[in-house]
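Everything numeric here is computed off the predicted structure, so don't read it as measured data.
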Amino acid sequence: MSRMAADGRSEFIDSLMDTELYSIGAFFCDEHPDLVDDVISESDAIESVGLQAYAAANDLSFDECLQTLLTGLAVRYYKAIVG
């Protein structure tokens, strides 16, 4: 049986919130709420095409694409936890 945190959340949910991915997603959503949908959309496109192919097709560096992909994953992770 899972233990409950003081505010009623389970310790498992709290453990999901205690990650770098969650922190990156939370920061991005707080600092750039107007870009959340865009970064998710672009990261989905990168994921479906592949990093190198997306970078070449869009005249971007591999590093730019990787950063966008990871940010999109972090935002999706954060949004999945907080709802």
Taking everything shown except Asp30 itself, do over 12 heavy atoms lie less than 6.0 Å from its CG?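 More than 12 heavy atoms, drawn from other residues, nucleotides or ligands, come within 6.0 Å of this atom.
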
Is it possible for you to say whether [X] and [Y] belong to one hydrophobic cluster, with membership spreading through side-chain heavy-atom contacts below 4.5 Å?
X: Val82; Y: Tyr77; result: yes
X: Phe62; Y: Ile46; result: yes
X: Leu60; Y: Leu70; result: yes

Quick check: do [X] and [Y] have side-chain heavy atoms less than 4.5 Å from each other?
X: Cys29; Y: Val75; result: yes
X: Lys79; Y: Ile40; result: yes
X: Asn58; Y: Glu42; result: no

Do you know which two heavy atoms are closest between Val39 and Phe28, and how far apart they sit?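 The answer is CG1-CE2, 3.6 Å.
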
Where is the tightest heavy-atom contact between Ser43 and Gly72, given as atom of each residue plus distance?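 Taking Ser43 first and Gly72 second, the nearest heavy atoms are OG-CA, 3.4 Å.
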
About how many Å separate CG of Asp44 and OG1 of Thr68, when rounded to the nearest 0.5 Å?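 Reported value, rounded in 0.5 Å steps: 12.0 Å.
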
Step-by-step side chain to side chain contact (heavy atoms under 4.5 Å, CB included) determination, Tyr78 to Ile24: CA-CA 8 Å; Tyr78 170 75; Ile24 292 167; over 6 Å; no

